[in-house]
Student: 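Pasting a structure here, questions to come.
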Amino acid sequence: MKRLLNRFATRWSQFRDEVVGLIRGFQLLIVNLALIGNLRPAGLEPITVIVDSLREAAILRLLWIVRLLPCHKILVVRRTCDLSLSMQSDFGSESLLIVTSRAFSKHYPLLAELRHQRRLVVL
Amino acid sequence: MKVIKQSAHPSPKVSLILLDWSVRESFHLLHYLSKQDVDRDLFEVIIIEYYSRVSDAIRPFEDQVDSWLLLEVPEDCYYHKHLMYNAGIVVAKGDICVICDSDAMVKPGFIRSIITEFENHPNTVLHIDQFRNARKDLYPFCYPDFSEVTGRGCINNVGGKTRGVVDDKDLIHNRNYGACMCARRDALIAIGGADEHIDYLGHICGPYDMTFRLVNSGHREIWHQTEFMYHTWHPGQAGADNYLGPHDGRHVSTTALDALISGRIMPLDENESLRVLRMGEHQYGCDGEFNISPNHLIAWKKANLLEGKKWAAGNSSRKIWHGFVVDQMIDGFVAYPRFLEHPEFSRFKNQLEVHAANEERLNERLDHLIPFRLRVVFPVVTVFTYLSRALGLTSLYLQRRWGRFTHHGTQT
């Protein structure tokens with residue numbers, strides 16, 4: 001019984017640590033996006049945000065609808081194949097590309113190349 | 001530092017660095033290294049013991065050990081694997097350093113695969129993933145067959161390859177970066193070796209710190225698609241009750257992730273012996289030449305890491321608070337939104353950087369910077385994240401149980 005309780009406690013602390021990390025990362029994204037929105041005049045080059053979960057994408061859309069965040073396009077990259085190579089060249093030229101640190105670290109072999117472009121911000 | 005044995009190999013190609021901090025019960029990798037299909041002179045085996053124990057587990061395979069060093073760190077200090085990596089890199093004579101598990105099994109072509117990979121792609125950092133079997137009846141290690149390890153009880157066999165190698169969803173968490181990492185010794189020296197920062201003390205550490213910085217310096221990361229290691233269950237493998245440095249909730253160091261994200265190449269805390277090698281003052285480390293900073297022996301004292309009876313886990317000079325990066329400076333705290341680290345936004349530094357003498361004052365000032373409407377959203381996001389993650393993990397658990405059940409069903 002004690003072993004079972006210990007196991008449960010370990011799993012719970014792992015789950016809690018992970019979710020706290022997710023929440024911190026997402027708070028960082030929305031606060032930074034809001035501040036970027038304040039700094040940049042409207043109508044400037046578009047913002048593209050890369051996230052790794054549908055949950056984050058849904059919340060970002062909601063926050064944009066209620067005008068808490070600036071207008072932005074959202075790309076959800078859950079698997080490496082979701083980000084096609086042909087699209088990468090489009091990013092650098094026109095839009096400010098913002099990628100969450102979680103999405104970046106999950107797919108860094110693909111996204112590390114983009115980092116060398118001037119307009120990639122990893123949050 | 002005490003040298004028990006020193007390598008007589010004049011110029012091996014590969015140096016295997018195996019670690020112990022007076023905990024290892026078995027070094028059976030050495031048994032499998034004696035069965036390799038390459039000339040024994042092509043590789044050397046270096047054992048680095050953190051404390052002063054001369055392990056009995058090594059004795060049966062002593063003929064396979066070329067160099068055996070005791071770092072003689074005082075027993076009241078906590079273990080820091082990166083210090084051991086650095087000691088290994090300093091004494092290594094091979095062109096390629098291999099940092100790997102010493103309690104895993106490898107096939108006879110293991111060393112040959114590493115040499116071939118570096119002959120074909122010299123500018124790479126090579127990782128070899130590990131099949132892991134959770135069967136407790138294989139403990140104590142009983143030299144099972146390779147097929148037994150990849151068969152019943154194996155938690156990551158996907159069609160003959162590890163789940164990490166075939167994964168395209170979450171490379172960092174699904175691949176075992178600590179199983180086996182190989183890189184050219186000169187490349188490791190050029191990036192300052194492993195980072196001896198206190199954030200890597202204890203369980204949250206690994207050669208991926210160097211992998212990420214090698215990638216930042218232009219090396220290509222490769223995961224071998226056909227060569228694997230094989231690991232069987234033993235007690236304490238999950239690092240329970242260990243001191244944990246800052247991590248992302250899934251035991252990957254956030255300090256290492258920060259290095260990857262920011263493109264940093266050099267370590268936060270470079271070892272003096274590595275610095276000497278990097279500056280070209282020596283080529284190889286000799287007896288007694290590996291330096292351990294006296295400051296480490298104070299900072300890593302177990303007594304300084306405890307809060308009551310528990311480890312004061314995750315102490316770091318850098319924190320994230322409500323979307324701001326908070327750095328602790330000598331004269332107080334400074335907070336800034338992360339995008340200021342990007343050159344395009346650095347001109348807004350004076351406008352958005354917040355300084356304060358203590359953390360409470362800083363948090364108050366940051367609260368004023370974040371719009372009220374956005375702060376109201378935070379608790380909603382928190383609840384939503386907990387619920388959706390719980391649902392996601394439940395579904396993943398059920399999928400895996402179902403997968404194992406049907407797999408078992410088709411076998412019987």
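Letters A, B, ... mirror the listed sequences (proteins, then strands); counts begin at 1.
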Student: Taking the side chain as every heavy atom from C-beta outward, state whether A:Q27 and B:V381 have any pair of such atoms under 4.5 Å apart.
Tutor: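 A side-chain contact under 4.5 Å is absent here.
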Student: With a 4.5 angstrom heavy-atom cut-off, could you sort out which part of A:V77 is near chain B: side chain, backbone, both or neither?
Tutor: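 Looking at A:V77, nothing touches chain B.
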Student: What is the minimum heavy-atom distance between A:R3 and B:K136, and which atoms define it?
Tutor: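 Residues A:R3 and B:K136, closest heavy atoms: NH2-NZ, 3.7 Å.
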Student: Quick check on the interface: out of B:F345, B:F378, B:F324, B:F384, who has the most heavy-atom pairs with chain A under 4.5 Å?
Tutor: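 That would be B:F378.
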Student: Does B:W223 CH2 have over 12 foreign heavy atoms under 6.0 Å away?
Tutor: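 Correct, the count exceeds 12.
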Student: List the steps and the verdict of side chain to side chain contact (heavy atoms under 4.5 Å, CB included) for A:E18 and B:D248.
Tutor: CA-CA 6 Å; A:E18 191 195 344; B:D248 66 347; over 6 Å; no
Student: Counting heavy-atom pairs under 4.5 Å with chain A, which one of B:D167, B:N216, B:V215 comes out on top?
Tutor: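 If we count pairs closer than 4.5 Å to chain A, B:N216 comes out on top.
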Student: Which region of B:E341, side chain (C-beta onward) or backbone (N, CA, C, O), has a non-hydrogen atom less than 4.5 Å from a non-hydrogen atom of chain A, or is it both or neither?
Tutor: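 Neither the backbone nor the side chain of B:E341 comes within 4.5 Å of chain A.
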Student: Could you tell me which non-hydrogen atom of B:I172 sits nearest to which non-hydrogen atom of A:S105, and how far apart they are?
Tutor: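 Smallest heavy-atom distance, with atoms named: CD1-O, 3.0 Å.
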Student: If you count heavy atoms of other groups shown closer than 6.0 angstrom to CZ of A:R11, is the number above 12?
Tutor: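 No, because the 6.0 Å sphere around CZ of A:R11 holds 12 heavy atoms or fewer from other groups.
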Student: Is B:R250 atom CZ crowded by more than 12 heavy atoms from other residues, nucleotides or ligands, each under 6.0 Å away?
Tutor: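 Buried by this count: over 12 neighbours within 6.0 Å.
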Student: Any heavy-atom pair between the side chains of A:F104 and B:L260 that's under 4.5 Å?
Tutor: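 Counting from C-beta outward, B:L260 and A:F104 do come under 4.5 Å.
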Student: Please check if the side chain of B:H342 supplies one atom and the backbone of A:L120 the other of a donor-acceptor pair under 3.5 Å.
Tutor: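 Pair found, side chain donor or acceptor close to backbone of A:L120.
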Student: Picking from B:L171, B:T254, B:V325, which has the most non-hydrogen pairs under 4.5 angstrom with chain A?
Tutor: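 Looking at each of B:L171, B:T254, B:V325 in turn, B:L171 comes out on top.
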Student: At a 4.5 Å cut-off on heavy atoms, which part of B:L352 comes close to chain A: side chain, backbone, both, or neither?
Tutor: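 The answer is the side chain of B:L352.
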Student: Please report the interatomic distance CH2(B:W321) to CG(A:L28), rounded to the nearest 0.5 Å.
Tutor: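 Here the rounded value is 13.0 Å.
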Student: Given a strict heavy-atom distance threshold of 4.5 Å, which part of B:F348 is in contact with chain A: side chain, backbone, both, or neither?
Tutor: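 The answer is the side chain of B:F348.
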Student: Quick one: what part of B:N174 sits under 4.5 Å from any heavy atom of chain A, side chain, backbone, both or neither?
Tutor: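 Answer is neither: B:N174 stays 4.5 Å or more from chain A.
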Student: What pairs with A:Y108 under ring pair (Phe, Tyr, Trp, His ring centres under 6.0 Å), at least two apart in sequence or on another chain?
Tutor: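 With neighbours one apart ignored, the set is B:F212.
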Student: Which one wins on heavy-atom pair count under 4.5 Å against chain B: A:V66, A:I30, A:I23, A:N32?
Tutor: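 Winner by heavy-atom pair count: A:N32.
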Student: Is the shortest side-chain heavy-atom distance between B:F339 and A:L39 below 4.5 Å?
Tutor: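 Side-chain contact under 4.5 Å: yes.
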Student: Most heavy-atom pairs under 4.5 angstrom with chain B, which of A:L22, A:I36, A:V20, A:L69?
Tutor: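 Ranked by heavy-atom pairs under 4.5 Å with chain B, first place is A:I36.
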Student: Considering all heavy atoms of both residues, which atom of A:V31 and which atom of B:L374 are nearest to each other, and what is their separation?
Tutor: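 It is CA-CD2, 4.1 Å.
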Student: Check whether any side-chain heavy atom of B:L257 sits under 4.5 Å from a side-chain heavy atom of A:S101, and report yes or no.
Tutor: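 No. Closest side-chain heavy atoms not under 4.5 Å.
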Student: Return the CG to CZ distance between A:L123 and B:R338, rounded to the nearest 0.5 Å.
Tutor: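 It comes to 7.5 Å.
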Student: So, the side chain of B:D168 versus the backbone of A:R79: is there a donor-acceptor pair under 3.5 Å, distance only?
Tutor: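 No, B:D168 side chain to A:R79 backbone: no donor-acceptor pair under 3.5 Å.
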Student: With a 4.5 angstrom heavy-atom cut-off, could you sort out which part of A:I59 is near chain B: side chain, backbone, both or neither?
Tutor: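 The answer is the side chain of A:I59.
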Student: Enter the distance from B:R389:CZ to A:S53:OG here, rounded to the nearest 0.5 Å.
Tutor: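 Taking CZ in B:R389 and OG in A:S53, the distance rounds to 9.0 Å.
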Student: For A:F26, check ring pair (Phe, Tyr, Trp, His ring centres under 6.0 Å) against everything at least two apart and list the hits.
Tutor: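 So A:F26 forms no ring pair (Phe, Tyr, Trp, His ring centres under 6.0 Å) with any residue.
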Student: Is it true that, when you exclude B:R135 itself, more than 12 heavy atoms of the residues, nucleotides or ligands shown sit nearer than 6.0 Å to its CZ?
Tutor: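 Counting neighbours around CZ of B:R135, more than 12 heavy atoms of other residues, nucleotides or ligands fall under 6.0 Å, so yes.
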Student: Against chain B, work out which of A:N6, A:V122, A:L29, A:I98 has the most heavy-atom pairs shorter than 4.5 Å and name it.
Tutor: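 Top count of heavy-atom pairs under 4.5 Å with chain B: A:V122.
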Student: Under the 3.5 angstrom rule, does the side chain of B:D170 hit a backbone N or O of A:K106 as a donor-acceptor pair?
Tutor: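 Between the backbone of A:K106 and the side chain of B:D170 there is no qualifying donor-acceptor contact (under 3.5 Å).
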Student: Are the side chains of B:T385 and A:R55 in touch, meaning some heavy atoms are under 4.5 Å apart?
Tutor: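 B:T385 reaches A:R55 side chain to side chain.
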Student: Against chain B, label A:L63 side chain, backbone, both or neither, depending on which of its atoms sit under 4.5 Å from a heavy atom there.
Tutor: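 For A:L63, the contact with chain B is made by the side chain alone.
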